[in-house]
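Quick notes on the structure that follows.
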There are 2 protein chains.
Amino acid sequence: MQHQKTVDNNNLSELNNILTVNLVVGNVIFAFHEEVIKILLVKRKGTSKWMLPWAFVLLEEGADETAYKLVKEKTNLDEFHISQFHLFGKYDRFDYEKHCKLLSLMGYDPKGSHSFLRYTAFMGYYVFVRYDDVAINKETEIEEIEWFDIHNVPDLYFEHNEVIEKSFLSIKQRIGYLPLAFALLPEKFTMPEMRIIYEKFLGYELDRRNFQRKILSTGLITKLEEKKKKGAHKSPYLYSFNTERYMKALENDEQLMAWTFQ
Amino acid sequence: MQHQKTVDNNNLSELNNILTVNLVVGNVIFAFHEEVIKILLVKRKGTSKWMLPWAFVLLEEGADETAYKLVKEKTNLDEFHISQFHLFGKYDRFDYEKHCKLLSLMGYDPKGSHSFLRYTAFMGYYVFVRYDDVAINKETEIEEIEWFDIHNVPDLYFEHNEVIEKSFLSIKQRIGYLPLAFALLPEKFTMPEMRIIYEKFLGYELDRRNFQRKILSTGLITKLEEKKKKGAHKSPYLYSFNTERYMKALENDEQLMAWTFQ
DNA sequence: ACAAAAGTGTTAGGCTTACACCCATGT
DNA sequence: ACATGGGTGTAAGCCTAACACTTTTGT
């Protein structure tokens, strides 16, 4: 081991040589609205760019806890499942000079804690929420918050564009094995709605008839009597899903399906 | 945001209120030898328990980099692929008093940096290496290092037992989609050897004939002319695998297969 | 009436599973 | 000679992909 330095309790600059990187968590919060996958972004008043909701993991917290609180704070929701997907953090990726103003606005003193904020590791989480359940105040005193179409995300702070791309890729890879899409849909949803979510993440179209067979074969969802009127065509049936079994599957990473989709 | 504290450059105790958790990376290094899955553990001289190789991520490093260096240091290997699998870290999980001596022995000054070492987040990586390629010095001046059977791991420092379990579970889930097992095998290997690896991770036996068909269908491995003598029975053929395609698949998380195995 | 999109059903073919049988090797 | 375990082959059947046809709805 090469880190043999000791710490002088009264000399911060000495600490630079032994201190470890800071840990930041950030959330890619996904929703689905009008056939489009949306992501929730925030923008501090007085700054120039949008970014993902993020926060330093403080001493008294765990990373999962910080990430959970962050989602709760932004969406006003209680029940959701956050998923780790990747730890980011290259040396020198955190350009201090550039982000000095932002950090200051977020309550982190860039002068005093210069060395602590320069290099960080970023733990990425993704979350699926129901668009209609989320009540955001589009503008508060300190920040703006807004849904963005996944394919219309502006240039963001830090490496957040990369983070979003990676989250999308992770989901694409997991969506065939975990019943992720359910969390994006309202309590009652139609088969076409669900299929579109899969299509958006996968990046190609699916045969609606075969898709339906696959989904139903999991036993996770129940066909309802009701239909949903929506345009100049036959109304699709509504379905609901078994939340208990779904949550259990998420917790246990149970193997409910293993689909490659064409 | 609630962290509005500023930092007094000359007062460490003040920092406790703004400082974030430390980031530690650790590796579950897997190997395969005599039909058994092995894990590499280390033990500092003067301490009582074994543990996974781990290190604080220092300011000048990225997490992946630290994890890579750690594996290289322990195994003397250059070429391997490390995979993130989970970020651990509950509040209060890092019992300072208990580990004071260990930290001191590892070159981290527990007196001076008390507050920095109390709470940490632990990023878990797993790595697959070839047993025969690893040259470990079983005992150096500062530590012992040893292979342990996966099902015979002693009580370890910190939450390392939990980390190993979780890594095993992650692999079990990914082994059907990624050609992981190859990295555990020597350049030339037999089909039964490879099958046993799958069986160990999955926890149940597989039909040897169907297994062979599946593996061959990926086009990743080539049958050689040679055979391997090994007991009172017909000698199995040797196979080699296409490293280029394998590495590319790992990098891109390419979908080479999607198996559920019975 | 017609276009759009959903519901339902069918069929061919590929892949998986579950075997049977034969072959090499060491004791 | 025999037990052990590997090599090769095959048939049944399930699952999937591809596609046809009917039904509902708004304009």
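First the proteins, then the strands, lettered A, B, ... as listed; each starts at 1.
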Is the [X] ring parallel, tilted or perpendicular to the [Y] ring (thresholds 30°, 60°)?
X	Y	value
A/His86	A/Phe88	perpendicular
A/Trp50	A/Phe148	perpendicular
A/Tyr126	A/Phe85	tilted
A/Trp147	A/Tyr131	tilted

Roughly how many Å is it from [atom1] in [X] to [atom2] in [N], rounded to a whole number?
X	N	atom1	atom2	value
A/Asp207	D/dC15	CG	P	18 Å
B/Lys229	D/dG5	NZ	P	18 Å
A/Lys230	C/dA5	NZ	P	9 Å
A/Lys228	C/dA5	NZ	C1'	15 Å
A/Glu205	D/dA18	CD	P	14 Å
A/Lys234	D/dT27	NZ	P	19 Å
B/Leu206	D/dG6	CG	P	13 Å
B/Leu238	D/dG6	CG	P	13 Å

So if I take every side-chain heavy atom of [X] and compare against [options], which nucleotide ends up nearest?
X	options	result
A/Ser235	D/dT25, D/dG5, C/dT25	D/dT25
A/Asn210	C/dT16, C/dT25, D/dA17	D/dA17
B/Arg213	C/dA18, C/dA5, D/dG26	C/dA18
B/Ala232	C/dT25, C/dA6, C/dA18	C/dT25
A/Tyr237	D/dA18, C/dT17, C/dG7	C/dG7

| query | Charged N to carboxylate O under 4.0 angstrom, B/Glu35 versus B/Lys230? | reply |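 Salt bridge flag = yes for B/Lys230 with B/Glu35.
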
| query | Between A/His233 and B/His233, who's closer to the 5' end of DNA chain D by nearest nucleotide? | reply |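 The 5'-side residue here is B/His233.
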
| query | Under 4.0 angstrom, heavy atoms only, what part of the nucleic acid is A/Lys223 near: base, sugar-phosphate, or nothing? | reply |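 Sugar-phosphate: the residue A/Lys223, judged by heavy atoms under 4.0 Å, touches backbone atoms but no base.
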
| Nearest-nucleotide comparison on DNA chain C, the residue closer to the 5′ end among B/Ser217 and B/Arg208 |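 Counting from the 5' end, the first nearest nucleotide belongs to B/Ser217.
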
| said: Below the 4.0 Å mark, does C/dT17 have OP1 or OP2 next to a side-chain nitrogen or oxygen of B/Lys214? | reply: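 Answer yes for this pair, as a side-chain N or O of B/Lys214 is under 4.0 Å from OP1 or OP2.
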
| Can you find a donor-acceptor pair, distance only, under 3.5 Å between A/Arg209 side chain and D/dA20 base? |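 A donor-acceptor contact between them is present.
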
